[in-house]
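Proteins get letters first, then strands, A, B, ... in listed order; numbering begins at 1 in each. Not measured: the values here are computed from a predicted model. Values below: every heavy atom of this structure, side chains too, minus hydrogens, waters and symmetry copies.
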2 protein chains.
Amino acid sequence: MPELDAIDRKILALLQTDSRLTMQELADKVGLSVSPCHRRVKLLEERGVITRYIATVDQKALGLHVSVFISIKLARQKEEDLNRFARAISKWDEVLECYLMTGNRDYLLRVVAADLSSYEAFLKNKLTRLDGIASIESSFALSQVKYSIALPV
Amino acid sequence: MPELDAIDRKILALLQTDSRLTMQELADKVGLSVSPCHRRVKLLEERGVITRYIATVDQKALGLHVSVFISIKLARQKEEDLNRFARAISKWDEVLECYLMTGNRDYLLRVVAADLSSYEAFLKNKLTRLDGIASIESSFALSQVKYSIALPV
DNA sequence: CGATGAATTGGTAAAATATCCCAATATTGG
DNA sequence: CCAATATTGGGATATTTTACCAATTCATCG
C-alpha cells in the first residue's frame, strides 16, 4: 500500500468538501493537469481510500428535529451477544452511528427521529424489544454545534 | 416550501447512498425520464434539501485509529460562553461532531486522532487550553459498529 | 556525474453525461 | 367539463469524463 503524498491528501481534503468539482477544477487546485489528477483519484478509489460519493441532506428539511444519544449496556458481552446486537442495530435507518465503547456502557448510538413521539415509537417497537439489553439511557441533543464528515488529512 | 413527494424521497434515498448515479440511472430507478428527474434534483439543491455532494474517506486508510467521545461541562452556560466554545470547536478538524446536550453534561464531541499520543496532544494543546471548561471526560470507541450519513427519508 | 529504467505527467480525442429548450401530457380548481 | 397550471419526455447542445500515447521527471546504479 503506497503512502499518500501531499497531492493525494489535498485531493482527499477537497473531495471530502465538494465531490462535484470537475477534474479540471480539482487539477487546478492541486497543481496538476487533468490526466494525472484523474488517475490519482481513480487510484484512491481502487485502493479503498475514497469509499463512496454521496449527497448530504438537511436534517431539518426532512423534519427530523430530534437527535438522541443512547447509552446501552448488555446483560452479557459474549461475542455472540455483541454480534446479535450489531446486526439488529444495522438494519434500522434511525440509527446513524453505533460504537462499541470502553468504560461503563457497552454501546453508544446516535439516533434521529422526527419528534419525541416517533422517538418513543423507536424505543418501544424496536430497541426495547431486543433481547439481552440490561439498560438504556437517552441523552437529547439541543442543537448540532458542528457536524462534519471530512476526516482530517 | 412545497412538500416532498414519494419520488423526491426516493431520489434523496438514492443520492444519499450514491451520488455518482447518472441522471439516466437515477431516472430509471425512480420511474421518470431524465428531464423531470434532473429538474427535481436541481430543485432539491436550490431548496436546500440536498446540501452538498462529498466523497467519503476510509478512516483506517488515513491512519486514524482512535475515535473518542468527549463529555464537557462549562463553568458557566451564558450564551456568550456557549458561542465562544462553539467557535473554538468549529475550527478544529479533529472534532467531527459537537452537540449541545440536555442532562448533566453541556457538550458531547466526537473526535478522531491517529493514535493515543496525538489524541493527548489534542487535549493538551487545544481542548484543555480553552477557558471556561469545568470538566472533560473521554470515552473511547473500541469499534465503529455502524456509521451512516444517510438520514431516513 | 551521467546514463538507464520506472514512474509520473500532460495533451488530445472520443465517449459518456449533464443541461437546456420546447412541445406534449397530466393535474388541479372552478 | 373546461381552462389554467404544473409536470413530463425527447432531442440538441455543451460540458465533463475517460483512455491513449508521447514527453518529462525522478530515482538508482555504475
Exercise. With respect to the side chain of A/Ser35, which nucleotide from C/dG10, D/dT8, C/dT9 is positioned closest?
Worked result: C/dG10

Problem set entry | Common cluster, B/Leu12/B/Val41, ILVMFWY with side-chain heavy-atom separation under 4.5 Å | yes

Exercise. Does a donor on one side chain and an acceptor on the other come within less than 3.5 Å for B/Asp81 and B/Gln77?
Worked result: no

Exercise. For C/dT19, does either OP1 or OP2 sit under 4.0 Å from a side-chain N or O belonging to B/His38?
Worked result: yes

Seminar exercise, completed: To the nearest angstrom, the CG-C1' distance between A/Asp28 and D/dT16 comes to 14 Å

Problem set entry | Between B/Tyr53 and A/Thr56, a side-chain donor and acceptor under 3.5 Å | no

For this session: Calculate the interatomic distance between A/Leu21 atom CG and D/dT15 atom C1'; express it in whole Å.
Result: 15 Å

Exercise. To the nearest Å, how far apart are A/Leu26 CG and D/dT16 C1'?
Worked result: 13 Å

For this session: Mark yes or no for whether B/Ser67, through its side chain, and B/Ala141, through its backbone, hold a donor-acceptor pair below 3.5 Å.
Result: no

Seminar exercise, completed: Separation of C/dT9 atom C1' from A/Leu43 atom CG, nearest Å, is 14 Å

Exercise. On DNA chain C, nearest-nucleotide positions of A/Pro36 versus A/Arg20: which is more 5'?
Worked result: A/Pro36

Exercise. In whole Å, what is the span from the NZ atom of B/Lys42 to the P atom of D/dT15?
Worked result: 14 Å

For this session: Check the hydrophobic clustering (I, L, V, M, F, W, Y; side-chain heavy atoms under 4.5 Å; chains of links allowed) and say if A/Phe140 and B/Tyr107 are grouped together.
Result: no

Exercise. At under 4.0 Å between heavy atoms, what does A/Arg40 touch on the DNA or RNA strands: base, sugar-phosphate, or nothing?
Worked result: sugar-phosphate

Could you give the side-chain donor-acceptor pairs of residues 146-153 of chain B under 3.5 Å, partners two or more places apart or in another chain?
unit_1: B/Lys146; atom_1: NZ; unit_2: A/Ser90; atom_2: O; d: 3.2
unit_1: B/Lys146; atom_1: NZ; unit_2: A/Trp92; atom_2: O; d: 2.8
unit_1: B/Lys146; atom_1: NZ; unit_2: A/Val95; atom_2: O; d: 3.1
unit_1: B/Ser148; atom_1: OG; unit_2: B/Ala150; atom_2: N; d: 3.0

Exercise. Ignoring hydrogens and angles, does a donor from either the side chain of B/Ser33 or the base of D/dG10 sit under 3.5 Å from an acceptor on the other?
Worked result: no

For this session: Kindly calculate the angle separating the two end axes of the helix from C/dC1-D/dG30 to C/dG30-D/dC1, each obtained from five base pairs, and round it to 10 degrees.
Result: 40°

Exercise. Could you state the CD-P distance from B/Glu3 to D/dA6, rounded to the nearest angstrom?
Worked result: 17 Å

Exercise. Between atom CG in A/Asp5 and atom C1' in D/dC26, what is the gap in whole Å?
Worked result: 13 Å

Exercise. For residues A/Ser19 and B/Arg20, is any side-chain donor paired with an opposing acceptor at under 3.5 Å?
Worked result: no

Exercise. Which nucleotide in the set C/dT8, D/dT7, D/dG9 lies at the smallest distance from any side-chain heavy atom of A/Arg39?
Worked result: C/dT8

Exercise. In whole Å, what is the span from the CD1 atom of A/Ile7 to the P atom of D/dT25?
Worked result: 14 Å

